[in-house]
**Student:** 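My structure is below; once you've seen it, I'll send some questions.
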Amino acid sequence: LFSTGAADTCQVTVTQPSFQEADYSMHTVFLTCAFSASGCSSAPPQVLWFRFLTNKHEDLCIPGCTNHEKYKVHLLSENNISLQINDLTVDDNAVYICGIAFSDSSSHRSKQTGDGTVLLKTENQHSNGKLIFIFTIIASSLLFLYSTTVFMFFVVYKKITSGRKIFHAIAQELQKQRYAERCRQPDDLEDDTVYQNR
């Protein structure tokens with residue numbers, strides 16, 4: 001009974017720094033992610049990382065990392081995680097999203113993502129603020145697109161769920177009617193026999 005209650009009330013909040021700059025000389029960077037969980041089970045959650053580039057998204061660790069040499073996930077403390085990115089280049093500039101999921105919970109709030117961290121590695125020491133500005137604009141657009149996609153997913157999901165509830169209610173009502181008809185049939189036959197005898 002306790003586990004069912006915990007699963008139903010599980011709620012997760014995920015926070016990430018909005019921006020992180022890596023100097024041109026850096027070859028490794030750590031992106032941090034913090035989360036809080038209430039009403040969830042004591043089992044450790046799944047930690048997911050993915051990123052948005054200008055024209056696509058990539059799954060990095062879901063939860064196992066697709067490239068173990070490039071990416072590593074570290075547990076810093078009970079509620080703090082980091083993504084280590086090795087061999088850092090300007091091609092790694094993207095929006096990095098951290099996700100936390102308590103898979104044993106049925107609550108949709110038990111699976112949440114942060115707002116994303118914009119990672120910017122400068123190409124050389126003469127890089128100016130214009131590059132940062134352009135990348136921030138691109139990142140903001142990506143985050144808007146991501147938020148819109150998530151919102152639309154939940155709208156569609158709610159519509160599907162609502163449709164299923166309506167369908168289920170109709171099916172139950174039809175079943176009740178059929179059951180009532182079957183229960184009335186012997187009485188109807190008896191009434192017909194009595195009528196014929198008369």
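What you see is a predicted model; the values in this text were computed from it and never measured. In this chain, numbering begins with 1 at the start of the sequence shown.
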**Student:** Please answer whether the main-chain N or O of Asp91 pairs with a side-chain N or O of Lys121 as donor and acceptor at a distance below 3.5 Å.
**Tutor:**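 Answer holds: no.
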**Student:** Hydrophobic clustering (ILVMFWY, side-chain heavy atoms < 4.5 Å, transitive) - are Tyr71 and Trp49 grouped together?
**Tutor:**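 Same cluster.
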**Student:** According to the side-chain hydrogen bond (donor to acceptor under 3.5 Å, both in side chains) rule, which pairs have a member within residues 60-69, sequence neighbours left out?
**Tutor:**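 For residues 60-69, and leaving out neighbouring residues, there are no side-chain hydrogen bond (donor to acceptor under 3.5 Å, both in side chains) pairs at all.
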**Student:** Any side-chain heavy-atom pair from Thr122 and Val90 closer than 4.5 angstrom?
**Tutor:**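 Thr122 does not reach Val90 side chain to side chain.
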**Student:** Suppose we screen for side-chain contact (heavy atoms from CB on, under 4.5 Å). Which residues come up paired with Thr28, at least two apart in sequence or across chains?
**Tutor:**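 Once residues adjacent in sequence are excluded, the partners of Thr28 under the side-chain contact (heavy atoms from CB on, under 4.5 Å) criterion are Phe30, Gln84, Asn86.
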**Student:** Please list all pairs meeting salt bridge (charged side-chain N to carboxylate O under 4.0 Å, His left out) that have one or both residues in residues 38-53, counting only residues at least two apart or in different chains.
**Tutor:**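 Checked against salt bridge (charged side-chain N to carboxylate O under 4.0 Å, His left out) - neighbours excluded - the pairs reaching residues 38-53 are Arg51-Glu58, Arg51-Asp92.
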**Student:** How would you list all residue pairs meeting salt bridge (charged side-chain N to carboxylate O under 4.0 Å, His left out) that involve residues 29-44, not counting sequence neighbours?
**Tutor:**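 Applying salt bridge (charged side-chain N to carboxylate O under 4.0 Å, His left out) to every pair that reaches into residues 29-44, excluding sequence neighbours, yields nothing.
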**Student:** Taking only residues two or more places apart in sequence, or in another chain, which ones meet Leu75 in a side-chain contact (heavy atoms from CB on, under 4.5 Å)?
**Tutor:**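 Here the qualifying residues are Ile81.
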**Student:** Go through the steps for Asn80 and Thr32 under the test side-chain contact (heavy atoms from CB on, under 4.5 Å), then give the verdict.
**Tutor:** CA-CA 7 Å; Asn80 288 276; Thr32 57; over 6 Å; no
**Student:** Which heavy atom of Gly116 sits nearest to which heavy atom of Val95, and what is that distance?
**Tutor:**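 Nearest heavy atoms, Gly116 then Val95: CA-CG1, 4.1 Å.
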**Student:** Considering non-hydrogen atoms only, spot the tightest contact between Thr117 and Pro17 and give its length.
**Tutor:**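 That closest heavy-atom pairing would be OG1-O, 2.5 Å.
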**Student:** Ignoring hydrogens and geometry, is there a side-chain-to-backbone donor-acceptor pair from Ser105 to Phe102 under 3.5 Å?
**Tutor:**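 No; judged by distance alone, with no hydrogens or angles, the pair does not exist.
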**Student:** How would you list, by chain and number, every residue that makes a side chain to side chain donor-acceptor pair (under 3.5 Å) with Ser42, sequence neighbours excluded?
**Tutor:**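 Applying side chain to side chain donor-acceptor pair (under 3.5 Å) to Ser42 gives none.
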**Student:** Does anything in residues 22-46 form a salt bridge (charged side-chain N to carboxylate O under 4.0 Å, His left out)? List the pairs, not counting sequence neighbours.
**Tutor:**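 Those involving residues 22-46 do not exist here.
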**Student:** Could you check if a side-chain atom of Gln112 sits within less than 4.5 angstrom of a side-chain atom of Thr13, using non-hydrogen atoms only?
**Tutor:**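 The answer is no; the side chains never approach within 4.5 Å.
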**Student:** Please assess Ser36 against Val12 for the test side-chain contact (heavy atoms from CB on, under 4.5 Å), listing each intermediate value before the final yes or no.
**Tutor:** CA-CA 6 Å; Ser36 62; Val12 176; over 6 Å; no
**Student:** What residues, two or more places apart in sequence or in another chain, satisfy side-chain contact (heavy atoms from CB on, under 4.5 Å) together with Asp87?
**Tutor:**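 If we apply the side-chain contact (heavy atoms from CB on, under 4.5 Å) test to Asp87, skipping adjacent residues, the hits are Lys70.
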**Student:** Name all pairs fulfilling the salt bridge (charged side-chain N to carboxylate O under 4.0 Å, His left out) condition that reach into residues 72-82, sequence neighbours left out, sorted by first residue then second.
**Tutor:**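 Found none.
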**Student:** Can Ser82 and Leu31 be said to form a side-chain contact (heavy atoms from CB on, under 4.5 Å), step by step?
**Tutor:** CA-CA 5 Å; Ser82 73; Leu31 304 180; over 6 Å; no
**Student:** Check whether Val14 and Val73 end up in the same hydrophobic cluster, where Ile, Leu, Val, Met, Phe, Trp and Tyr are linked by side-chain heavy atoms less than 4.5 Å apart.
**Tutor:**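 Val14 and Val73: one cluster.
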**Student:** Is it true that Gln11 and Ser38 share a donor-acceptor pair across their side chains at a distance under 3.5 Å?
**Tutor:**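 Side-chain D/A pair, Ser38 to Gln11: absent.
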**Student:** Looking only at atom types and distance, does a side-chain atom of Ser107 sit under 3.5 Å from a main-chain N or O of Cys10, one as donor and one as acceptor?
**Tutor:**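 Flag set: sc Ser107 to bb Cys10 pair under 3.5 Å.
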**Student:** Out of curiosity, His27 NE2 to Ile85 CD1, how far, rounded to the nearest 0.5 Å?
**Tutor:**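 Reported to 0.5 Å precision, the distance equals 15.0 Å.
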**Student:** Among Ile, Leu, Val, Met, Phe, Trp and Tyr joined by side-chain contacts under 4.5 Å, find the other residues sharing a cluster with Ile62 and list them by chain and number.
**Tutor:**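 Besides Ile62, the hydrophobic cluster comprises Leu48, listed by chain and residue number.
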**Student:** Are any side-chain N or O atoms of Gln16 and backbone N or O atoms of Cys98, one a donor and one an acceptor, separated by less than 3.5 Å?
**Tutor:**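 Yes, Gln16 side chain to Cys98 backbone: donor-acceptor pair under 3.5 Å.
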**Student:** Identify whether Phe19 and Ile97 are in the same connected component of the hydrophobic contact network (ILVMFWY, side-chain heavy atoms under 4.5 Å).
**Tutor:**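 Shared cluster, yes.
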**Student:** Tell me, please, which residues at least two apart from Asn79 pass side-chain contact (heavy atoms from CB on, under 4.5 Å).
**Tutor:**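 For Asn79, the residues satisfying side-chain contact (heavy atoms from CB on, under 4.5 Å) (neighbours in sequence not counted) are Phe35.
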**Student:** Who passes ring-ring contact (aromatic ring centres under 6.0 Å, His included) against His57, sequence neighbours left out?
**Tutor:**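 His57 satisfies ring-ring contact (aromatic ring centres under 6.0 Å, His included) with Phe52 once adjacent residues are dropped.
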